Amino acid sequence: MLSGTDKNNGQNIEMIQRHSFPPSCSKMVTAKAWALKKHFDGLPKASDLELITTELPNLKDGQLLLESVFLSVDPYMRPYSQRDMKEGDIMVGTQVARIVESKNPAFTAGTFVVARGGWRTHFISDGKDLLLLPSGWPESLPKSVALGTVGMPGLTAYFGLLEICKIKPGETVLVNAAAGAVGSVVGQIAKIGGCKVVGSTGSDDKVAYLKSIGFDEAFNYKTVASLDEALRKASPDGYDCFFDNVGGEFSSVAIHQMKMFGRIVVCGAVSQYNNTVPQKGTFVQFPIVFKQLRMEGFIVTNWYNRQEEALKALLKWVVEGKLKFHEHITEGFENMPMAFIGLFKGENLGKAIVKV
Ligand SMILES: NC(=O)C1=CN([C@@H]2O[C@H](COP(=O)(O)OP(=O)(O)OC[C@H]3O[C@@H](n4cnc5c(N)ncnc54)[C@H](OP(=O)(O)O)[C@@H]3O)[C@@H](O)[C@H]2O)C=CC1
Ligand SMILES: CCCCCCC/C=C/C=O
């Protein structure tokens with residue numbers, strides 16, 4: 001038997017082998033997967049990825065066969081591929097998958113789970129890292145939301161805002177990439193928490209969307225004459241909290257408009273992920289020292305010991321209509337590269353999802 005743990009994705013998932021299995025296997029399942037053919041150089045290109053087709057072995061005791069239904073494409077995959085993947089590895093990622101067959105008594109065929117299976121249509125798991133949808137998941141709520149607002153991006157917003165920023169009612173919160181998976185949840189949780197919310201995003205349609213979900217102020221950073229002025233106009237008194245998804249120039253400008261004792265959550269730096277040469281930035285020490293700011297980076301998985309509590313809260317807000325979600329759905333597994341590349345062109349409104 002050719003098998004192994006997929007170290008690349010850090011998961012207990014049987015690796016897809018790039019050749020056929022012995023003829024003794026009765027029910028062969030053909031799996032498709034996207035592999036990193038060539039490390040990205042600048043903006044990812046479809047030709048950097050390769051679609052491979054393989055056949056999975058029969059299940060051993062304790063194993064499950066899963067079929068992806070919805071897959072997530074996320075900006076983190078770009079820096080992750082650079083740092084942690086080698087050419088030929090299957091792209092890292094999560095999906096909502098259906099259990100097709102189970103030889104694991106803890107799971108029943110037909111159940112939907114969130115898995116870290118990478119960009120694959122089918123895969124085999126020992127069940128260790130599979131997550132059931134939170135209890136009380138309404139039939140009417142698309143299961144894909146478990147990859148967005150009630151999933152990793154929602155958790156990012158929840159912990160970043162409540163635990164790192166520690167927002168208080170009456171404060172003013174700034175978030176960029178505000179119409180995306182994380183940003184749209186940040187703004188809405190901040191509103192639930194009694195804050196004033198300002199969002200920056202890359203199109204007028206997205207600005208209108210942000211207003212429709214309760215943002216107090218929103219602007220299109222691509223068309224404003226001056227970012228500094230746009231930030232000042234949206235909140236003349238400055239910002240208590242800045243949830244930074246973008247980095248780069250935006251952050252360099254925004255840091256100067258923080259209030260005394262402001263908090264900055266460094267969640268991501270999507271504007272920098274495709275850089276081919278290191279950028280020279282502004283020096284941040286002056287505003288940090290003289291306004292006594294706190295600036296903290298965080299990775300959501302560090303908070304996963306509390307994910308049950310947070311997913312419950314996020315689902316409750318969604319069900320109550322306090323937390324709206326939007327999905328940008330790309331149809332077809334073969335279009336995963338296109339959906340991924342689209343993230344860096346601002347094509348998505350809300351969570352970018354691929355439906356197999
Ligand atoms: N620290 C953590 O644990 C986690 C961090 N993250 C980070 O959060 C951020 C948002 O992720 P997510 O919500 O999933 O993604 P989004 O759904 O927000 O999609 C990415 C968006 O980023 C914006 N964008 C793309 N390129 C640029 C650019 N050059 N300059 C400015 N904006 C750009 C685009 O929106 P627009 O049209 O507005 O430009 C695009 O739609 C990312 O930085 C990501 O890495 C995400 C999850 C966990
Ligand atoms: C369960 C999926 C793990 C996602 C981790 C995301 C960390 C993000 C970092 C920056 O974008």
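Both counts, for ligands and for their atoms, begin at 1 and track the order of listing. On a predicted model such as this, the values are computed, not experimentally measured, just so you know.
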- prompt: Relative to atom 31 (C) of ligand 1, which among Tyr221, Phe298, Trp303 owns the nearest non-hydrogen atom?
  reply: Tyr221
task: May I ask you to identify, for Glu347, whether its side chain, its backbone, both or neither come under 4.0 Å of ligand 1 on a heavy-atom basis?
output: neither
query: Can you find an N/O atom of Val182 closer than 3.5 Å to an N/O atom of ligand 1?
result: yes
task: Measure the distances from the heavy atoms of Tyr273 to every atom of ligand 1 and state whether one is below 4.0 angstrom.
output: yes
task: May I ask you to test the Ile288-Ile255 pair for a side-chain heavy-atom distance under 4.5 Å?
output: yes
- request: Check step by step if side chain to side chain donor-acceptor pair (under 3.5 Å) holds for Lys351 and Ser72.
  value: CA-CA 8 Å; Lys351 177 72 190 105; Ser72 181; 2.9 Å; yes
- prompt: Closest non-hydrogen protein atom to atom 5 (C) of ligand 2, residue and atom name please, with distance?
  reply: Thr301 CG2, 4.0 Å
message: I'd like to know whether ligand 2 has Phe298 as a neighbour, heavy-atom separation below 4.0 Å.
response: no
message: Using a 4.0 Å cutoff against the non-hydrogen atoms of Ala269, which atoms of ligand 1 qualify?
response: 43 (O)
message: Val300 versus ligand 1: do any nitrogen or oxygen atoms come within less than 3.5 Å of each other?
response: yes
message: Quick check on contacts: which atoms of ligand 1 are under 4.0 angstrom from a heavy atom of Asn348?
response: 16 (P), 17 (O), 19 (O), 40 (C), 41 (O)
- request: May I ask you to identify the nearest protein heavy atom to atom 7 (C) of ligand 2, giving residue, atom name and distance to one decimal place in Å?
  value: Ile299 CG2, 4.2 Å
Gln257 (side chain) donor-acceptor with Asp228 (main chain) under 3.5 angstrom: yes
statement: re atom 1 (C) of ligand 2, the protein heavy-atom contact at minimum distance is Arg116 NE, 3.7 Å
query: Where is the nearest protein heavy atom to atom 11 (O) of ligand 2: which residue, which atom, and how far?
result: Tyr76 CB, 3.1 Å
- prompt: Going by heavy atoms in the side chains, are Asn176 and Phe242 under 4.5 Å from each other?
  reply: yes
query: Taking the non-hydrogen atoms of Cys267, is any one of them nearer than 4.0 angstrom to ligand 1?
result: yes
field: Heavy-atom check, side chain of Asp216 versus side chain of Thr172, under 4.5 Å
entry: no
task: Report yes if the side chains of Phe333 and Leu51 come closer than 4.5 Å at any heavy-atom pair, otherwise no.
output: yes
message: Within the 4.0 Å heavy-atom shell around Tyr273, which atoms of ligand 2 are there?
response: 11 (O)
- prompt: Counting heavy atoms not belonging to Glu347, are there more than 12 under 6.0 Å from its CD?
  reply: yes
- prompt: If we only count heavy atoms from C-beta on, is the Val29 to Val100 side-chain gap below 4.5 Å?
  reply: no
field: Side chain, backbone, both or neither: the part of Lys345 lying under 4.0 Å from ligand 1 by heavy atom
entry: neither
task: May I ask you to identify, for Leu343, whether its side chain, its backbone, both or neither come under 4.0 Å of ligand 1 on a heavy-atom basis?
output: both
- request: Enumerate the atoms of ligand 1 whose separation from the nearest heavy atom of Ala181 is less than 4.0 angstrom.
  value: 13 (O), 14 (O), 16 (P), 17 (O), 18 (O)
Backbone N/O of Gly268 and side chain of Asn245: donor-acceptor pair under 3.5 Å: no
- line: Among Val73, Val270, Ile299, Leu155, the residue with a heavy atom nearest to atom 33 (C) of ligand 1 is Val270
statement: For Val246, the atoms of ligand 1 under 4.0 Å from one of its heavy atoms are 31 (C), 32 (N)
Over 12 non-hydrogen atoms of neighbours within 6.0 angstrom of NZ in Lys222: yes
Per-atom contacts of ligand 1 with Lys206, taking only distances under 4.0 Å to non-hydrogen atoms: 35 (O), 36 (P), 37 (O), 41 (O)
query: Does a sphere of radius 6.0 Å around NZ in Lys191 hold more than 12 heavy atoms from other residues, nucleotides or ligands, not counting ones at 6.0 Å or beyond?
result: yes
task: Find all atoms of ligand 1 within a distance of less than 4.0 Å from any non-hydrogen atom belonging to Ser271, and give their numbers and elements.
output: 28 (C), 29 (N), 30 (N)
message: List ligand 1 atoms under 4.0 Å from Gly350, heavy atoms only on the residue side.
response: 17 (O)
Closest non-hydrogen atom pair, Lys166 against Arg263: O-NH2, 3.1 Å
query: Should you measure from each heavy atom of Thr201, which atoms of ligand 1 turn up under 4.0 Å away?
result: 38 (O)
